[in-house]
Amino acid sequence: MRALSLLTLTAVLGVAQIPTPESVLGHKPGDDFYLATYDDALGYFQKLAASSKRIKLVKVGKTTQGRDWYMAFISTPENLAQLDHYKEVSRRLALSRRVSDAEARKLAHDQKAIIHIDGGLHATEVANAQHTIQLGYDLVASEEPEYKRIREDVITELWFSINPDGQNMVANWYRQNVGTPYEVAPLPYLWQEYVGHDNNRDGYMLNMIESQVVTKATLETQPLVFYTHHQTAPFPGRIYLPPFADPISANMHPLMLRWLNLTGMTIAAYLDEHGMPGSMHQETFDVWYPGYLDNVGNFRHTLSFFTETALYRYATPHFYTIDDFPASRQPLRAEMLYSSPWKGGWWRLADACRYMYGASMAVLDMAVEYREQMVYNKYKAARDTIEQFEKDPPYAYIIPREQHDSPTAALLLEKLMLQGIEIKQSADPDAWVIMMNQPFSGLVKELFEPQKYPQLSQRPYDVTGWTVPYQMGVEVHAVTTPPSAKFKDSLKPVPMKNGSIVGYTAPFSHAENASLHAVNEILAAKGSVSFAGDEISATGLDKGKLDSILAANHLKSVSAKGEGKPVKAARIGLYRSWNANMDEGWTRWILEQYQFPFASLYNADVIAGHLHEKFDVIVLPDSQTRQIMEGYRPGTIPERYAGGIGEEGLDALKDFVNDGGTMVAFNNASMFAIDQFNLPVTNALAGVSGTDFFCSGCLLSIHVEDPKNALSAGLLPDPIVMFERSPAFDTKPEFKGSVLARYPKDRNPLASGYLVGPAKIEGKAAALNVEYGKGHVILLGFRPQWRGQSQGTYKFFMNTFYLQ
Ligand SMILES: [Zn+2]
């Protein structure tokens with residue numbers, strides 16, 4: 001009877017019942033052994049949006065795999081009716097220009113707090129995107145005072161997942177294995193089509209569609225907070241929160257860090273208050289690296305951060321006893337930054353969801369509490385940044401339009417534009433110009449200057465040097481004296497077409513990466529191409545077709561002086577292990593971007609042999625020998641994904657090179673080649689202790705030994721490479737081949753980042769061409785295509801993709 005009268009009531013009022021997640025999914029999010037896919041979550045949010053005016057579902061774009069991607073704004077119907085107004089105010093304050101202090105204070109008084117919360121970008125951290133389903137429901141449906149206040153003062157920008165493709169992959173993989181011996185088996189492919197976990201290393205380059213979509217939306221709403229959920233916490237902590245570890249960027253406005261620390265403590269207090277002990281701070285993760293998508297927004301004065309909640313595996317529960325804890329934590333002593341130690345016991349997906357839910361609620365409550373001050377502070381940070389660079393250098397950066405590789409320089413600037421950075425153009429000098437008196441210019445300084453490290457109390461969590469002009473081989477000059485009024489007045493907007501800078505052309509030569517893109521297009525169109533040193537010439541296409549290919553790549557033909565050698569596209573095989581390998585994914589993405597035709601080579605393809613009949617070049621992405629040879633142990637993963645190439649595969653690779661093939665090994669895959677092929681090369685860093693030498697990722701200078709070598713064509717004489725836990729080579733007397741590049745002999749090669757023991761690599765070879773049988777093994781002891789940004793060293797492998 002009661003149900004019937006409720007039904008009648010809703011019919012009379014003309015409102016639909018707001019559906020609970022269970023009523024649609026058949027499960028409560030967080031149930032043991034259950035994971036909702038992204039499609040499930042979207043289906044649920046569509047029903048939720050159809051039932052209430054407190055939620056507005058917005059399509060933000062497509063994912064890499066072509067899925068429709070949605071997020072939700074949740075607030076009162078009145079606030080949502082004025083969403084465009086609140087967004088506009090948010091943008092005006094974020095830019096701070098033409099807004100007086102008095103006006104900013106008035107706007108802050110009336111503005112709603114826009115808060116971005118998302119269900120994570122790391123799909124194997126499964127609780128992230130499960131908790132957002134329940135959070136979405138309660139923010140829409142709950143009539144409790146806490147939720148009503150949030151709806152009134154806050155516009156929640158709820159991204160139920162920022163890795164929809166991965167959420168589907170992981171949930172489907174788990175469904176297929178749950179209840180079998182492989183229930184907790186690792187996913188054998190990347191859960192972002194190309195980059196897997198590195199989708200949170202793409203924050204400033206925005207190579208992936210997902211990073212671009214999120215950044216574009218963030219520039220539109222300019223949220224006060226950008227909160228991304230992750231798993232897992234340093235054990236036995238249950239959730240890892242700010243304050244984070246040092247060191248931190250010196251180019252962020254100090255207010256960002258103040259709010260960050262306050263947020264961490266607010267979450268911890270909320271969790272303790274609600275019976276969720278085990279909040280931990282400051283261990284393990286420093287957050288200097290601006291490539292984190294959930295960090296880079298701090299340079300736009302959106303308080304951007306992550307938390308890490310404990311995870312066992314997928315939706316499988318696990319029981320922990322004190323014996324599992326590290327000895328130092330077994331006494332369960334309270335610590336300054338771990339004041340409610342977790343005591344062990346069951347840990348289920350539902351627990352992780354509950355902690356995440358509490359943390360999200362704490363942030364929303366904080367936004368209610370401090371709304372006006374937070375809005376004003378965001379404006380204040382932007383205004384301070386503009387004023388700082390009016391007073392202090394660098395006042396501007398000048399990027400000459402004519403340089404070694406102009407299209408790559410333009411690409412760097414296009415990346416900055418995607419971040420909301422304004423670029424200008426000057427006629428004298430002939431250059432692109434970044435005036436630093438703009439609101440987000442802290443990011444430009446962060447990306448352009450070398451990273452210099454303080455004394456460290458613990459080893460850095462990620463890479464330590466990322467100076468982007470170094471990586472891309474782009475010439476950039478800091479302006480350290482105040483520019484004249486005449487110069488400032490002369491600046492013009494940069495002409496753009498379809499998101500690309502136009503109005504410049506570079507010679508069609510080997511110096512420009514774009515030329516190799518053009519070469520591939522010409523070869524694909526059955527044209528002919530010749531290389532003569534750095535010169536490139538093309539024939540065999542009608543002039544209109546050739547000109548349009550060159551123009552699209554910002555190139556113009558130059559009449560070649562030398563006698564060219566005709567080139568042919570190599571048949572490329574890219575080794576693809578079932579140990580999902582991000583470096584493989586990045587490489588695959590770059591090959592696609594540059595239109596190199598290639599095939600993925602799985603273990604079975606390698607083992608099948610006859611490789612030289614199908615391929616000219618085989619690329620081994622950065623990997624350990626064990627991953628290549630053995631792969632996953634049988635019994636830990638469904639059988640078809642177990643094992644590596646084994647001895648049979650190794651023999652097939654040796655035959656391939658013996659028969660005249662070229663094998664290119666990136667970074668640690670060099671060690672596979674050296675050891676398994678018995679190459680007359682040693683790693684000078686083998687057996688050196690971490691106290692004598694350490695480099696978790698920094699930028700080092702090398703010198704190209706023989707610029708006339710076809711494998712070095714188009715490189716700068718002294719390119720800068722990303723060295724990340726890499727080898728450095730010595731050659732044995734019986735070595736045959738050539739040293740392509742070397743670390744400088746008598747000076748520290750460090751260009752940017754943190755390097756212990758530089759003397760250990762001084763004078764060592766960084767890149768080798770080793771003759772083997774009728775073929776070659778190219779050893780690149782660094783990351784030649786690191787995270788899709790070290791454009792300055794792409795030619796080290798791209799040059800091997802042409803047969804002369
Ligand atoms: Zn994560």
Side-chain angles (χ1 to χ4, degrees), residues 88 91-104 204 219 222 249-253 290 296 298-301 378-450 467-470 472 474-497 499-506 554:
E88 204 226 308
R91 285 195 298 269
R92 279 189 68 201
L93 289 169
L95 299 178
S96 85
R97 287 211 172 101
R98 291 176 288 278
V99 181
S100 69
D101 195 76
E103 195 190 350
Y204 57 82
L219 286 170
Q222 284 291 349
S249 169
N251 295 313
M252 272 178 200
H253 194 283
V296 66
N298 285 307
F299 294 99
R300 288 188 291 268
H301 316 118
K378 184 169 158 76
Y379 158 82
K380 172 85 170 104
R383 209 185 66 188
D384 288 351
T385 305
I386 295 174
E387 283 171 6
Q388 179 199 333
F389 291 105
E390 298 271 2
K391 290 199 309 271
D392 301 323
Y395 300 98
Y397 285 99
I398 303 275
I399 302 97
R401 296 209 306 167
E402 206 179 305
Q403 55 173 295
H404 181 74
D405 182 352
S406 309
T408 296
L411 178 68
L412 166 57
L413 299 176
E414 287 156 13
K415 298 289 183 186
L416 293 175
M417 288 176 177
L418 296 177
Q419 300 283 355
I421 304 293
E422 197 178 51
I423 315 282
K424 295 279 178 62
Q425 188 166 309
S426 91
D428 182 22
D430 180 15
W432 294 297
V433 178
I434 304 173
M435 292 303 296
M436 289 293 279
N437 58 348
Q438 52 176 304
F440 315 144
S441 55
L443 178 63
V444 180
K445 186 159 176 282
E446 178 63 40
L447 297 181
F448 280 21
E449 70 185 8
T467 314
V468 184
Y470 287 178
M472 296 179 82
V474 170
E475 188 184 336
V476 164
H477 304 282
V479 175
T480 52
T481 52
S484 69
K486 189 174 157 235
F487 175 75
K488 286 191 271 185
D489 291 345
S490 77
L491 296 176
K492 298 267 185 324
V494 174
M496 302 288 294
K497 197 176 163 192
S500 283
I501 295 177
V502 292
Y504 74 98
T505 44
H554 308 282

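Atom set for the values below is all heavy atoms of this structure, side chains included, hydrogens, waters and symmetry mates excluded.
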Point to revise | Sequence neighbours excluded - salt bridge (charged side-chain N to carboxylate O under 4.0 Å, His left out) pairs with any residue from residues 434-449 | key: K445-E449
Check your understanding: Which distance, rounded to the nearest 0.5 Å, do you find between the CG of N298 and the NE2 of H253?
Key -> 12.0 Å
Point to revise | Which residues share a ring pair (Phe, Tyr, Trp, His ring centres under 6.0 Å) with H554, sequence neighbours left out | key: Y504
Check your understanding: Got a donor-acceptor contact below 3.5 angstrom from the Q419 side chain to the Y204 backbone?
Key -> yes
Review point. Going by heavy atoms in the side chains, are F299 and V444 under 4.5 Å from each other?
Key: no
Exercise for review: Looking only at non-hydrogen atoms, find the nearest pair between A409 and I399 and report the distance.
Suggested key: CB-CG2, 4.1 Å
List, one per line, each side-chain donor-acceptor pair under 3.5 Å for residues 475-487, sequence neighbours excluded.
unit_1 : atom_1 : unit_2 : atom_2 : d
E475   : OE2    : H477   : NE2    : 2.9
S484   : OG     : F487   : N      : 3.0

Review point. Say you draw a straight line from CD1 of I398 to CE of M435; how long is it, rounded to the nearest 0.5 Å?
Key: 8.5 Å
Point to revise | Closest approach of Q403 to P400 (non-hydrogen atoms, all atoms of both residues) | key: NE2-O, 2.9 Å
**Study point:** Heavy-atom side-chain proximity of I434 to L413 below 4.5 angstrom
**Key:** yes
Exercise for review: Please report the closest heavy-atom contact between F389 and P394, naming both atoms and the distance.
Suggested key: CD2-O, 3.3 Å
**Study point:** Non-hydrogen side-chain atoms of K380 and H301 separated by less than 4.5 Å
**Key:** no
Review point. In Å and rounded to the nearest 0.5 Å, what is the OG to CZ distance from S96 to F440?
Key: 8.5 Å
**Study point:** Polar side-chain atom of S441 near backbone of N437 as donor-acceptor pair, under 3.5 Å
**Key:** no
Check your understanding: Any side-chain hydrogen bond (donor to acceptor under 3.5 Å, both in side chains) pairs touching residues 423-435, not counting sequence neighbours?
Key -> R401-D430
Practice item. Kindly give the heavy-atom pair with the smallest separation between P469 and L412, and that separation in Å. Key: CG-CD2, 4.2 Å
**Study point:** Salt-bridge contact R383-E387 (side-chain N to carboxylate O under 4.0 Å)
**Key:** yes
Study note, to complete from the structure: Tightest non-hydrogen contact, residues E422 and Q438, listed as N-OE1, 2.8 Å
Point to revise | Distance (rounded to the nearest 0.5 Å) between I386 CD1 and L95 CG | key: 8.0 Å
Revision key, fill the gap. So salt bridge (charged side-chain N to carboxylate O under 4.0 Å, His left out) across residues 402-421, not counting sequence neighbours, yields none
Exercise for review: Compare all side-chain heavy atoms of T385 with those of P439 and state whether any distance is below 4.5 angstrom.
Suggested key: no
Practice item. Examine distances only and state if a side-chain atom of K378 and a backbone atom of R300 form a donor-acceptor pair shorter than 3.5 Å. Key: yes
Check your understanding: Among all residues two or more places apart in sequence or in another chain, which pass the ring pair (Phe, Tyr, Trp, His ring centres under 6.0 Å) test with Y397?
Key -> F448
Check your understanding: Of all heavy-atom pairs between L93 and A382, which one has the smallest distance, and what is that distance?
Key -> O-CB, 4.4 Å
